[in-house]
Amino acid sequence: MAWLFYILLLMSSYDEDEAFEAAAAPTSGQHRPSLSQLAMQGARAATFGAPDTSYLDSLNPAQREAVETLDGPVLMLAGAGTGKTKALTARIAHLLNTGRAQPREILAVTFTNKAAREMKERVAALMGQDIEGMPWLGTFHSVCVKLLRRHAELVDLKSNFTILDTDDQIRLLKQLINAEGIDEKRWPARQLAGVIDSWKNRALTPGRISGGEGEEFNGRGVRLYAAYQARLQTLNAVDFGDLLLHVVTIFQKHPDLLEQYQRWFRYILVDEYQDTNVAQYLWLRLLAGGHKNICCVGDDDQSIYGWRGAEVGNILRFEKDFPGAKVVRLERNYRSTEHILKAASAIISCNKDRLGKDLWTDETDGEKVRLIGHWDGEEEARWVGEEIEAMHSGVSGFAKRRKNPRSKTPDQEFERLTKGGRVSEHVAGDIHQINLQREQALSPAGVGNYKIPQSVGLDEIAILVRASHQMRAFEDRFLSIGLPYRVIGGPRFYERMEIRDAMAYFRVICQPDDDLAFERIINTPKRGVGDKALQEIQIAARSNGVNLVEGARIAVADGLLKGKAKSGVAQLLADLDRWTSLNVQQIRYGVEDEDALVEDVAYEPAEISHIELAEKILDESGYTKMWQNDKSPEAPGRLENLKELVKALEQFENLAGFLEHVALIMDNDSGNDGEKVTIMTLHGAKGLEFPVVFLPGWEEGLFPSQRSMDESGTKGLEEERRLAYVGITRAEELCTISFAANRRVYGQWQAQMASRFIDELPADHVDVMTPNGLYGAQGNMGAGRSLDDYGQDSSPSRFQERAAKADVYNSPGWKRMQQRTSRAGTPRSPVTIEAKATVAFTEGERVFHKKFGYGEVMAIEGENLTVEFDHSGTKKLKAGFVLPADQAGDVPF
DNA sequence: GAAGAGTTCGTTTTT
DNA sequence: CGAACTCTTC
């Protein structure tokens, strides 16, 4: 067998002599020094002369203190927009520069890949060099995967274990619940997954679950948890929670190993410490236990992931955990104007249990936070759309007043406005000679001097919502007015069906114990393997104590399968064997030498590249053909996605490496494809900033969310309040909060009350607008439809009840707004119109169906029609589902 | 095994 | 209301 000759690839070996040479000689273009080599320079410089510490000069005193306190525990309390990443990266540079640590001796953990990436880039920029030398800068999960692959056998796993995502997790739990004879309806797998996750977040293994907790899930939670863990082990798989938990277990059981890592990781840095859960906290405490050189950065006011197991307590308790810790507060904000900061501070100060920070800024002028109420959710969306158009075209007052537009040059500004015009000469100030290349709405065509209005770019604008269903109204509206937008946080590439199918093939190749993947592909594409055949295979596997692939082999050999199933499975097995023999296997992971951890990976030699193999698999399995033969409108898109998938493989050494990437990196950045307004949730916006931010839907029950308050009481409310704080502090120049008096909730109209957070806004920093405030005399309220359609019980009157106590309600603006909303009419209680009129059809009549489109009635049997649709073939359906074609215009679709 | 009928249940989400 | 799921029927 050819692959007996293993190649050992040293991924990042460290050669001291080379480092010395590099430090001594000026570097040439080809041979640039690595980070470790630079660190050596630092070490030498520390001995023989001053290292270059110019990165310290741009830090403010607080940042500088946080950067220069290198030894011992440090807690950096960094408010929103206070330059925390800057401080963190400068600190890493300083550690290297002062010769305190080699790049591989620094453990730096973040929560998201994005944050990790940014940190790598910025450290690299500071050090003027590539990031190769920092192997332990990454997310908690990616660092844990590396550790766990090295020591998998200590928790009875093989180092090529699979990482299951939530989907696999649920499917597995479903199987277990059914096996226990529990009604999956009453005790859904989702819920069990939630319970198990919360146990894992708190580092509770099945054996450690105490009395009361055992009652979870109908008293069978613990047993199912144990069964689940056992099943994961036979599948040689882990879930996300396990990545941390297994490593914690290993460290707890093997003090000698822990000690080794404590020595290896001389300095630890943690980003977003307020988001750590118990397992992560234990993990950090174990690793920092020796030297206590740990620097945690966080903001208790931005802790918004409590519902996912994050413990604000971790950050509140830091000084107790690490006595003598240095606490540094970063309070100078470089992002927002004073009005925005004051509004955010006023809200967050209503929370108890804070470490307390006061953000301040030099940016004293700017726009007040705007507050506006609307009649209903659709109107809110319409207003926001019009505001954005006004800003974008430079018509709005804000766009004109704006001091520091982000757009860099008049050319860009003009190109944005005209989509193609060019500035040919800059005359003076904002007057430019312009050569218009085609008809422009903005100005007459031709060459001439024009004043370019200042405008707001669409990608400077974000709409941040509490719940994703709020996005719908904005999407609908923006679609109809043709405003480009981008939704962040939709369904992700790697969660699509075709991608998961393809990856299931790769998974079986890389890790034959992955039964979940095998189940997924055994009849995809169709091989005539139904439930019965699968059952036979499962029985064969179980009774022989082998995985499903081997079980299938036995089932075929013993003649347990018949007909199509038999030949189908046999063919699949032969294919799998062939593909497996072509796969580049990773054979060893992680080798250490005496006093350093050398990250290395060993591979078998490849006969064909993993990319060719992937194409071969998709092709020979018939999977590609399956979609080619598919007539559904999604099919071409899916084939396109498969091509994308193969392309993505190029960046990886082998299939296994790719699978790991996919499991850990759910890339959500859907590229910068043009200038668009961003629509996203408040959670998704953490860490981001935008010049202009809209915060719609500030209504009781929606924000703060009812469920949050029901489930977690005051704690929940305080987390919602932190979310409000996060939202406001995303804005740099202009922040607009809005709410609607009426909103459709699950199809029912509901009168809404303004959010209590609105009561907490400081009137001095808020500009209360009337609904038709900024532009034109035509109020939105009356535009285009009769508001008398709404009935009784005006919710604006409910606002009145609270008007006395809240700051903002005493402003003239609020009173004007209130007048308008009440004059416009009062909301009507919901009326559901049962419009199920019986319609008689005749043969040959043209009809319309919501899904199938237009067609012709071919035959009638009582209620049942046979309709030949223009584009969807002939169908039999009940008369109630189609309309006469001439009435179809009434049906929006 | 696919189409269509009926049912249920509705936050936030990274890894 | 509408997506996602299951159940029914051919």
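Every chain is numbered from 1 and lettered A, B, ... according to where its sequence line falls, protein lines coming before strand lines.
Figure legend: cation-pi geometry between A:R721 and A:F757 absent, as NZ or CZ is not positioned both under 6.0 Å from the six-membered ring centre and within 45° of its axis.
Remark: A:K566 pairs with no residue by the side chain to side chain donor-acceptor pair (under 3.5 Å) rule, at least two apart or across chains. Under the rule for a side chain to side chain contact (heavy atoms under 4.5 Å, CB included), the partners of A:E498 that lie at least two apart in sequence or sit in another chain are A:R496, A:Y623, A:W627, A:R638, A:N641, A:L642.
The aromatic rings of A:Y305 and A:H683 sit tilted, their planes meeting at an angle between 30° and 60°.
Using modelled atom types, one finds a donor on one side chain and an acceptor on the other under 3.5 Å when comparing A:D239 with A:Y228.
As rounded to whole Å, 7 Å separates atom P of B:dT13 from atom NE2 of A:H683. We find that CD of A:Q302 is positioned 16 Å from C1' of B:dT12, with the value rounded to whole Å. Between A:F140 atom CZ and B:dT15 atom C1' there is a gap of 12 Å when expressed in whole angstrom units. Distance, A:E378 CD to C:dC1 P: 13 Å, rounded to whole Å. Following rounding to the nearest Å, A:E720 (CD) and B:dT12 (C1') show an atom-to-atom distance of 8 Å. Atom pair A:N277:CG and B:dT13:C1' shows a separation of 14 Å (rounding to whole Å applied). Between A:F111 atom CZ and B:dT13 atom C1' the separation is 13 Å, expressed in whole Å. The distance from atom CD of A:Q169 to atom P of B:dT15 is 16 Å, rounded to the nearest whole Å.
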>> If you apply the rule side-chain hydrogen bond (donor to acceptor under 3.5 Å, both in side chains), what do you find for A:Q175 with A:E519, and how did you get there?
In response: CA-CA 12 Å; A:Q175 291 176 7; A:E519 279 170 21; 2.8 Å; yes
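Put simply, the side chain of A:R466 and the base of B:dT11 share no donor and acceptor less than 3.5 Å apart. The base of B:dT14 is paired with the side chain of A:R308 by a donor and an acceptor separated by under 3.5 Å.
Checking B:dT11, B:dT15, C:dG2 against every side-chain atom of A:T166, the shortest atom distance belongs to B:dT15. Residue A:Y746 places its side chain closer to B:dT11 than to any other of B:dT13, B:dT15, B:dT11. The side chain of A:S708 has B:dT11 as its nearest neighbour among B:dT11, B:dT15, B:dT13.
The C1' atoms of B:dT11 and C:dT6 are separated by 25 Å, rounded to the nearest whole Å. To the nearest whole angstrom, the two P atoms, one in B:dT13 and one in C:dA4, are 15 Å apart.
A sub-4.0 Å separation between OP1 or OP2 of B:dT15 and a side-chain N or O of A:N113 is present. For B:dT12, one of the phosphate oxygens OP1 or OP2 lies less than 4.0 angstrom from a side-chain nitrogen or oxygen of A:S468.
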Could you go through nucleotides 4-8 of chain C and list every protein N or O atom that sits under 3.5 Å from one of its N or O atoms, giving the distance for each pair?
none

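In this structure, A:K526 and A:E711 both approach DNA chain B, and ranking their closest nucleotides by distance from the 5' end singles out A:K526.
Note on A:R190: nothing from the nucleic acid sits closer than 4.0 angstrom, heavy atoms only. If you check every strand for non-hydrogen atoms under 4.0 Å, A:T681 touches sugar and phosphate atoms only.
A salt bridge does not link A:D376 to A:R382: none of the charged side-chain nitrogens sits closer than 4.0 Å to a carboxylate oxygen. Using a cutoff of 4.0 Å between basic side-chain nitrogens and carboxylate oxygens, A:R472 and A:E475 are not scored as salt-bridged.
In this pair, A:W307 lays its aromatic ring flat on the base of B:dT12, centres within 5.5 Å and planes under 30 degrees apart.
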